[in-house]
Amino acid sequence: MRTIEWEDNKLKLIDQTKLPDELTYVYCENYLEVIVAIRDMIVRGAPAIGVAAGFGMALAYLDDEDLDKAAEEIKAARPTAINLFWAVDRVLNSDNPLEEALKMYQEDIDTNMAIGKYGSEIIDDGDTVLTHCNAGALACVDYGTALGVFRAARDAGKNINVICDETRPRGQGASLSVWEMQQENIPVKLIPDVASGFLMSQGKIDKVVIGADRIAKGGVVNKIGSFMVAMAAKQHDVPFYVAAPLSTFDMEASIFDTIIEERDGDEVRYYGGARICPEGTEVINPAFDITPSEFITGIITENGIIDPI
């Protein structure tokens, strides 16, 4: 399953807003359509956003658009994931934007396979592992980061059980991670976001593995709710790992200077199309939070497992 494909000078994307009920595709023929796909979360997950942004720049190049202008507009689509900025700048500064985007595409697959290999070493036979949000093939070109670790552990012959937080308000754990694990025939159960701490207190979770949208000095930015999982894991001595490519690192910055995206309040006001609070309720809806380094056991990269920075 490829989340992203390049076909006939068009970018083909799985429409993740339709999963798990419908597997459909969106075709982007220009960079403005790529921006819409990123902003509206048709494509999501830091590595996938980065590669999609790279192809957005390639489309701008093929259409003879102003590349500097296209770069700024693509970067504005979502402000938090570092991969988007990294990919846009890499393609912008290349001699051939399309060749560079295609190179990034293959690198993402190879990187995720390596992350899975190293990450599988921390998974023991019989482990029950928790993940938050979706850091699987759907968050990348293929294979995934956190879910790639589970795939690699299964392929190494280990019996594992996966628990997915639902990940409100967009429900990526429920709609995407559970779906991916079911496609792989890996045993999986869904829990409410508020249940992970209780399950840890009962000794029912052995390890946590999540993805990341940005890693910098002092910690990791990931989907909102990650920090609460990390605090519960620390309280109950459950190892807490982050799986992410080196392209997610911003070594020069402090994680606490990250711009945290604030999304539309209707994502919280409505659930399944129905309003769940009084009309006119004010909402705070940050898309991400920050997990400080002291809560993180290790970071699984394509070059091995490293200490938090």
Side-chain angles (χ1 to χ4, degrees), residues 45-47 82 111-136 139 144-154 156 158-165 167 173 177 186 191 193 195-251 254-256 258 288-309:
I82 188 65
T111 292
N112 294 334
M113 296 287 285
I115 289 172
K117 174 181 176 293
Y118 286 114
S120 67
E121 296 172 4
I122 62 105
I123 305 296
D124 295 318
D125 188 44
D127 270 354
T128 295
V129 288
L130 171 74
T131 193
H132 184 73
C133 195
N134 174 262
T145 54
L147 297 193
V149 170
F150 306 156
R151 286 185 168 96
R154 184 275 314 275
K158 297 175 183 178
N159 295 309
I160 64 168
N161 293 278
V162 175
I163 292 177
C164 295
D165 282 341
T167 323
S177 292
I186 295 175
I191 63 170
D193 290 341
S196 59
F198 172 72
L199 292 180
M200 290 180 199
S201 74
Q202 300 296 298
K204 294 182 179 179
I205 294 173
D206 298 299
K207 295 179 180 75
V208 178
V209 184
I210 67 167
D213 289 87
R214 182 184 291 255
I215 300 172
K217 294 176 182 177
V220 168
V221 168
N222 194 54
K223 183 57 59 183
I224 191 70
S226 299
F227 182 36
M228 290 193 297
V229 175
M231 286 193 291
K234 191 172 184 67
Q235 173 68 26
H236 298 292
D237 295 320
V238 175
F240 182 96
Y241 289 91
V242 175
L246 294 173
S247 59
T248 305
F249 286 67
D250 186 357
M251 300 298 290
S254 166
I255 200 68
F256 301 103
T258 303
F288 305 94
D289 61 22
I290 298 170
T291 298
S293 295
E294 58 263 31
F295 292 86
I296 300 169
T297 306
I299 301 175
I300 308 163
T301 78
E302 64 267 39
N303 289 346
I305 302 175
I306 65 173
D307 293 330
I309 62 173

**Beyond-backbone contact of Val242 with Asn222, side-chain heavy atoms, under 4.5 angstrom** = no
**Message:** Give me the atom names and distance for the closest heavy-atom approach of Ile215 to Ala244.
**Reply:** CD1-CB, 3.8 Å
**Item:** Test log, rule side chain to side chain contact (heavy atoms under 4.5 Å, CB included), inputs Ile122 and Ile305
**Value:** CA-CA 9 Å; Ile122 62 105; Ile305 302 175; 3.4 Å; yes
**Message:** Is it true that, when you exclude Phe256 itself, more than 12 heavy atoms of the residues, nucleotides or ligands shown sit nearer than 6.0 Å to its CZ?
**Reply:** yes
**Asked** Is there side-chain contact between Asp193 and His132, with at least one heavy-atom pair below 4.5 Å?
**Response** yes
**Asked** Between Thr297 and Pro239, which heavy-atom pair has the shortest distance, and what is it?
**Response** OG1-CA, 3.5 Å
**Fill in**
To the nearest 0.5 Å, atom CD of Gln235 lies from atom CE of Met200 at 11.0 Å
**Asked** Got a second to check how far Asn134's CG is from Thr167's OG1, nearest 0.5 Å?
**Response** 8.5 Å
**Complete:** Correct closest heavy-atom pair for Thr301 and Tyr118 would be O-CD1, 3.6 Å
**Prompt:** Looking only at heavy atoms, what is the nearest atom pair of Ile82 and Thr248, with distance?
**Reply:** CG2-O, 3.0 Å
**Prompt:** Above 12 or not: heavy atoms from other molecules or residues under 6.0 Å from CE of Met113?
**Reply:** no
**Request:** Flag the pair Thr145 / Pro245 as yes when at least one side-chain heavy-atom distance between them is below 4.5 Å, and no otherwise.
**Result:** yes
**Prompt:** So, do His236 and Ile205 sit near enough that their side-chain heavy atoms are less than 4.5 Å apart?
**Reply:** no
**Item:** Where Phe227 and Phe295 come nearest, the two heavy atoms and their spacing
**Value:** CE1-CE1, 3.8 Å
**Prompt:** Does the side chain of Leu147 come within less than 4.5 Å of Ser177's, by heavy atoms?
**Reply:** yes
**Asked** Out of curiosity, Leu246 CG to Met251 CE, how far, rounded to the nearest 0.5 Å?
**Response** 9.0 Å
**Message:** Once rounded to the nearest 0.5 Å, what's the spacing between atom CD of Glu121 and atom CD1 of Ile300?
**Reply:** 9.5 Å
**Item:** Asp165 side chain reached by Ser196 side chain, heavy atoms, under 4.5 Å
**Value:** yes
**Prompt:** Can you pull the salt bridge (Lys or Arg N to Asp or Glu O under 4.0 Å) pairs that have at least one residue in residues 195-213, sequence neighbours excluded?
**Reply:** Asp124-Lys207, Asp127-Lys207
**Prompt:** For the atom pair CG (Asn159) and CD1 (Ile186), what is the distance rounded to the nearest 0.5 Å?
**Reply:** 11.0 Å
**Message:** Please check: side-chain N/O of Asp289 versus main-chain N/O of Gly225, any donor-acceptor pairing under 3.5 Å?
**Reply:** yes
**Asked** Side chains of Ile299 and Phe249: does their closest heavy-atom pair fall under 4.5 Å?
**Response** yes
**Item:** Beyond-backbone contact of Ile224 with Phe288, side-chain heavy atoms, under 4.5 angstrom
**Value:** no
**Request:** Kindly give the heavy-atom pair with the smallest separation between Ala243 and Val149, and that separation in Å.
**Result:** CB-CG2, 4.3 Å
**Message:** Given 3.5 Å as the limit, does a donor-acceptor pair link the side chain of Thr131 with the main chain of Cys164, or not?
**Reply:** no
**Prompt:** Just by modelled atom types, is the Ser120 backbone N or O under 3.5 Å from a matching donor or acceptor in the Lys158 side chain?
**Reply:** yes
**Request:** Could you tell me the separation between the CG atom of Leu199 and the CG atom of Leu130, rounded to the nearest 0.5 Å?
**Result:** 8.0 Å
